[in-house]
**Q** 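Mind having a look at this structure? Questions to follow.
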There are 2 protein chains.
Amino acid sequence: MLSQALSSSPILLPLAHTKRCEAPAPRTLEEHFSRAPVRSFAAKEHVFTEGDPRSNLYRVEAGAVCLYKVMGDGRRQVLGFAYPGDLIGLGACNDHQCNAQVTKPTQLRSVAWNTVQRLARQEPALALKLYEAMCEELAAAHDLLLTTGQRSAAERVAIFLLAMVRRSRRTGQDATVIDLPMTRADIGDFLGLTIETVSRTFTKLRHLQIIDLAQSARVHVLDIGALEGLAQGEVDL
Amino acid sequence: MLSQALSSSPILLPLAHTKRCEAPAPRTLEEHFSRAPVRSFAAKEHVFTEGDPRSNLYRVEAGAVCLYKVMGDGRRQVLGFAYPGDLIGLGACNDHQCNAQVTKPTQLRSVAWNTVQRLARQEPALALKLYEAMCEELAAAHDLLLTTGQRSAAERVAIFLLAMVRRSRRTGQDATVIDLPMTRADIGDFLGLTIETVSRTFTKLRHLQIIDLAQSARVHVLDIGALEGLAQGEVDL
DNA sequence: CGAACCATTGACCACCTTCAATGCGAGTGG
DNA sequence: CCACTCGCATTGAAGGTGGTCAATGGTTCG
């Protein structure tokens, strides 16, 4: 494959589609989600933190969530971002292994974790779906590993922007304009770079007419070919 | 938690233990493995490569396997190492997502992938086990991400050595002497460093009497406390 | 013994980080 | 409405860590 790189980890489970059911008892995970109330979170609020008991599985309805780990001395590694349709809070052990912080006003729905477990035991198909979801997350983690371990700052930023463009395309947006829902610090901690390096790289891309930055959070992609060239290490800045 | 760091990815599935069954048809995955013939691989042989159809699930019986990905220009990221008891070749999609290369003479057993799938569909418990195995692999990938993304060369090497010490302890060896089954290049590509940096870091540790290197592949850990201090970034080299 | 491979060591330098100052925008209160 | 503040982003200068290139050394295997 090599590589949907940074396919933006968490997972959109292709479960049975909503059936607009009016009343019968919820049977599929999808049905549970559909009838769960929407919970709103303000920017910077945490959905859960590392070590919390895994009480719920969440689905992002709107907004964006940043998943990260921290080291004792404060250094932080962002593991990925979750967008509408993505599930967060998946995992096998009893406690959450990372922090989930909302990066802008966000709506979530949740299903109790023991409900998920019960469904998974009843429905082998759901267990397999969860397994597949983890596999995708693992693939995303491996891609990120390749990126942070081996690539230059310019490559990392280009790959990140291209991943955002692809996301934008999939959700049917104008793919040339991206609204970044996270800060430079989030991007830096995701890519294993400092805020300053991220900012400087953006500036270089702007000077090269590869992107434009009307506002710091709004990226216009002017030359996606150049971005792809950078992402593959074919050129330097 | 924070962090079994570099818990050396692949997974030792705590499946039903071998029951020394003499004849009846194999029912559990464990039974399938037990009666599979042992296949031997020479150092540097590949078990599978990226893009190969996922034909088998493998269990390491003896030796060591290096799992890695490569980029177009040859840069390589080692995702982890598999040791006796670990499974390799797990994943949801039809093709392998990484390369698996034996680093020293190694024995494996394998079970056909469609057998694994059939068992997983019959036994919800096995599907959940596979799910848990993936979760552990994901946790390992996240730990490695934290390491390659945020830590200094000395921290990375210290963490790597400590992970080897823990492994050694678990398998009941003398934990102060570690025989590294991989080259400096493997270690470097694992930690996101060059061969030279790995080598220089080993040398520094030797000069500080933290380790001793009788041979380049044999590490005597002289001061594990110092190693732990380094791993947590409490001291610099 | 020679060859091949791997590890070590050294010198140099590039890239990224660090530290510091300035700029910009949004939200708040006077 | 404006001034103020706070958080975030940008920009600059200096320095260090780790990378690159190159030569040497050591081990294993023929």
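First the proteins, then the strands, lettered A, B, ... as listed; each starts at 1. None of the values given here were measured: they were computed from a predicted structure.
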**Q** Enumerate the protein-to-nucleotides 14-16 of chain D contacts in which both atoms are nitrogen or oxygen and the separation is below 3.5 Å.
**A**
none

**Q** Let me know the distance between NZ of A:Lys204 and P of D:dA9, rounded to the nearest Å.
**A**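 Computing the A:Lys204:NZ to D:dA9:P distance gives 18 Å.
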**Q** For B:Thr203, which residues count as a side chain to side chain donor-acceptor pair (under 3.5 Å) partner, sequence neighbours excluded?
**A**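 Result, side chain to side chain donor-acceptor pair (under 3.5 Å) vs B:Thr203: none returned.
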**Q** Using a cutoff of under 3.5 Å, can you pull out all pairs of nitrogen or oxygen atoms linking the protein to nucleotides 22-25 of chain C, with atom names and distances?
**A**
none

**Q** Ignoring backbone atoms, establish whether A:Lys44 has a side-chain N or O less than 4.0 Å from OP1 or OP2 of D:dC8.
**A**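 So the side chain of A:Lys44 is within the cut-off, an N or O lying under 4.0 Å from OP1 or OP2 of D:dC8.
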**Q** Do any of residues 196-203 of chain B sit with a heavy atom less than 4.0 Å from DNA chain C, and if so which?
**A**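 Contacts with DNA chain C under 4.0 Å: B:Glu196, B:Ser199, B:Arg200, B:Thr203.
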**Q** Verify the contact: side-chain N or O of A:Thr194 to OP1 or OP2 of C:dT17, cut-off strictly under 4.0 Å; return yes or no.
**A**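 Yes, within the criterion.
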**Q** At under 4.0 Å, does any side-chain N or O of B:Arg206 touch on OP1 or OP2 of C:dT9?
**A**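 Answer yes for this pair, as a side-chain N or O of B:Arg206 is under 4.0 Å from OP1 or OP2.
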**Q** Need the bend value for the helix from C:dC1-D:dG30 to C:dG30-D:dC1: angle between end axes, 5 pairs each end, nearest 10°.
**A**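 Nearest ten degrees gives 30° for this helix.
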**Q** For a quick check of understanding: with a heavy-atom distance under 4.0 Å over all strands, which category does A:Gly192 fall into, base, sugar-phosphate or nothing?
**A**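 Here A:Gly192 touches the backbone only, sparing every base.
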**Q** Roughly, in whole Å, what's the span from CD1 in A:Ile195 to P in D:dG7?
**A**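 Those two atoms, CD1 and P, are 13 Å apart.
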**Q** Who passes side chain to side chain donor-acceptor pair (under 3.5 Å) against A:Asn94, sequence neighbours left out?
**A**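 Not a single residue meets the side chain to side chain donor-acceptor pair (under 3.5 Å) criterion with A:Asn94.
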